[in-house]
Amino acid sequence: MAMGTGRPRWGQPAATTYSPPPSFTADPPEEFLCPISGTLMADPVVVPPGQTFERACIQACAALAFSPPAVAADLSASASSPLVLIPNVALRTAILNWCDRLALPHPAPLSPDTARDIVHRLMPRQEEQWSSQSYRPPPQVATSVRVRRPSAPDEEFVQEPVRAGGSPEEEIMAVLGAEGASTAELEVAMASLRQATRENSEVRRQLCTPRLLAALRPMLLSADAGIQVNAAAAMVNLSLEPENKVQIVRSGAVSPLVDVLRGGHPEARDHAAGAMYSLAVEDENRAAIGVLGAIPPLLELFASAGGAVGYRARREAGMALYHVSLYGMNRSKIARAPGAVRTLLAVAEARDRANEADATALRRLAMMILANLAGCPDGREALMDGGAVAAVFRLMRNGSAAPGSAEEEYCISALYGMSRGSMRFRGLARAAGVEAALQPVSERDGGVGRDMARRTLRAMRGEDDEAPFSAPGLHGSQWNGVSIVSEGLVSIRRPPPHRSNYTGPSGSNTTQF
């Protein structure tokens, strides 16, 4: 297995009523979030001490005579004296303007039942007075409270667990295995599982059992956004452990993850891409991932620019595709996918002045996948059909693949692959002027790129060169259908020392959800 830090990410379980899509470019200002629910306020009101809360949340607290730590007022006396709530019109206008500026949907007011459920979760178990028979607390489930932790700037909200008795698996299965569990109970169970799998490696290994994985699969397909998002995040966390990866695929988890990639909640799609990336790191999983239909939705996600798809989701989809493409049969599947080559070339040639670092990382991933496709006959034909010869030449000439860079070697690798035994390549390369880009590389002192450039030039000139290409720097022992990417250049897969909400380019998804 390739290297990874094993540091999970995405510690904020999804809220039932508001889960901002990954297209937003900034966290909501603190004053826009209800201190009780932690979600964007739709109907903010001011209580006498001067604090602002979501109306339904503070009303639920008053109805239950419960004053959470965030509330300065004593709500236990609200039964005898009506609670005065003053609409905070200025704050509501600011929230709506912020949503409009980022093209986000306006937050919807919480329903009384949802607000009551949120407050119930905040109440200490010994003080709970269940006044509604329609809600029953999950038996033996580890519930949690969302709190803001200033010392953790990368994870503005975290879950503070309130543990119940029993093992983590038994606590979760007590709800998942029960008949008639409510949506609220299932969401609490998924949030608890997500939190438990963030804690440490040993817990992730203990929880990755056939019984729990079987119960988790239908949660991935839930129509409830909170359940689906938390289930997908928990699946990523479980997949961080090397010994869990094969077991997860064998449990049948790939098919529901593919369904989430195709049409799940936007945030769940992000997690599903991360799970595919993490699972594809394991050699044994790559064939199954390709057979079960993950390639088309991963390509679509990788190519999605703007809208509800953020950089992180695109990058993880690209990393998943790269690892999947290391398996020979999957290279043919990618090559035969409608529009795949043009999609990859579009990413490779895209520029984004506002986010050039992100665009560069995506370009590099696209070039890596294109170089791998050139390692099989179907891939070579698809590349030439899609105009890859001229496109790769443009990348080398316009600065996207600078001399001596990793990107340049990927481009040379793709050209070398397409040149193997192809009369058609000669004509396309000559028409594009490829020789002008390869000649300076072939005259360098040494390196794998120089050797591939020389062989590509000989192929363009019709000179016989049938000896297998072998060099210690290549990912495979020789260029025989194995990945052509230089082993010395896969440092893209090594994670930076620290970056929040970011999966390091290692051979494993390294961030907890």
Side-chain angles (χ1 to χ4, degrees), residues 295-307 309 311 313-326 330-353 355-356 358-402 405-420 422 424-434 436-438 449 452-453 456 483-485 489 492:
I295 289 172
L298 285 172
L299 279 167
E300 180 182 353
L301 192 59
F302 183 50
S304 300
V309 180
Y311 162 74
R314 294 183 64 194
R315 186 182 178 283
E316 293 193 340
M319 288 303 300
L321 284 169
Y322 167 73
H323 285 284
V324 165
S325 72
L326 296 176
N330 286 338
R331 287 200 283 275
S332 295
K333 291 181 184 295
I334 295 173
R336 293 196 297 266
V341 169
R342 294 190 184 277
T343 292
L344 294 169
L345 289 174
V347 176
E349 294 191 275
R351 306 301 292 262
D352 185 350
R353 292 182 179 179
N355 300 285
E356 187 57 31
D358 293 349
T360 298
L362 295 175
R363 282 201 303 271
R364 181 181 295 187
L365 275 173
M367 294 176 195
M368 291 168 68
I369 300 167
L370 290 167
N372 280 354
L373 292 184
C376 74
D378 286 341
R380 290 192 282 273
E381 289 301 313
L383 287 171
M384 287 186 279
D385 288 343
V389 176
V392 169
F393 170 73
R394 288 194 298 271
L395 291 171
M396 296 180 68
R397 299 295 285 182
N398 68 12
S400 296
S405 66
E407 290 80 2
E408 182 188 62
E409 183 166 336
Y410 303 144
C411 288
I412 297 170
S413 299
L415 292 172
Y416 170 68
M418 287 186 284
S419 74
R420 300 179 70 203
S422 173
R424 181 185 179 194
F425 172 80
R426 298 177 190 176
L428 292 172
R430 289 171 181 166
V434 169
L438 292 181
M452 285 191 292
T456 305
S483 169
I484 194 170
V485 176
L489 295 174
I492 183 177

Which value, rounded to the nearest 0.5 Å, describes the distance between [X] atom [atom1] and [Y] atom [atom2]?
X	Y	atom1	atom2	answer
L373	M368	CG	CE	12.5 Å
Y322	I334	OH	CD1	11.5 Å
R426	R430	CZ	CZ	7.0 Å
T456	L438	OG1	CG	6.0 Å
L321	F302	CG	CZ	7.0 Å
S419	M452	OG	CE	10.5 Å

Residue of the set L415, L370, V389 for which side chain to side chain contact (heavy atoms under 4.5 Å, CB included) holds with L383: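 The single option meeting the side chain to side chain contact (heavy atoms under 4.5 Å, CB included) with L383 is L370.
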Closest non-hydrogen atom pair between [X] and [Y], with its separation:
X	Y	result
A371	S413	CB-CB, 4.0 Å
V347	A303	CG2-CA, 4.1 Å
L395	A348	CD2-O, 3.3 Å
C411	M367	SG-SD, 4.1 Å
G386	V341	CA-CG1, 4.1 Å
A350	A359	O-CB, 4.5 Å

Heavy-atom side-chain contact between [X] and [Y] under 4.5 Å:
X	Y	result
L299	L344	yes
D358	R314	no
R424	D385	yes
D378	K333	no

Backbone of M418 reached by a side-chain donor or acceptor of R380 within 3.5 Å: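 No.
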Main-chain N/O of V324 paired with N330 side-chain donor or acceptor, under 3.5 Å: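 At least one qualifying donor-acceptor pair exists.
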Salt-bridge present (R363, E349; N to O < 4.0 Å):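 Salt bridge between R363 and E349, a charged N being under 4.0 Å from a carboxylate O: no.
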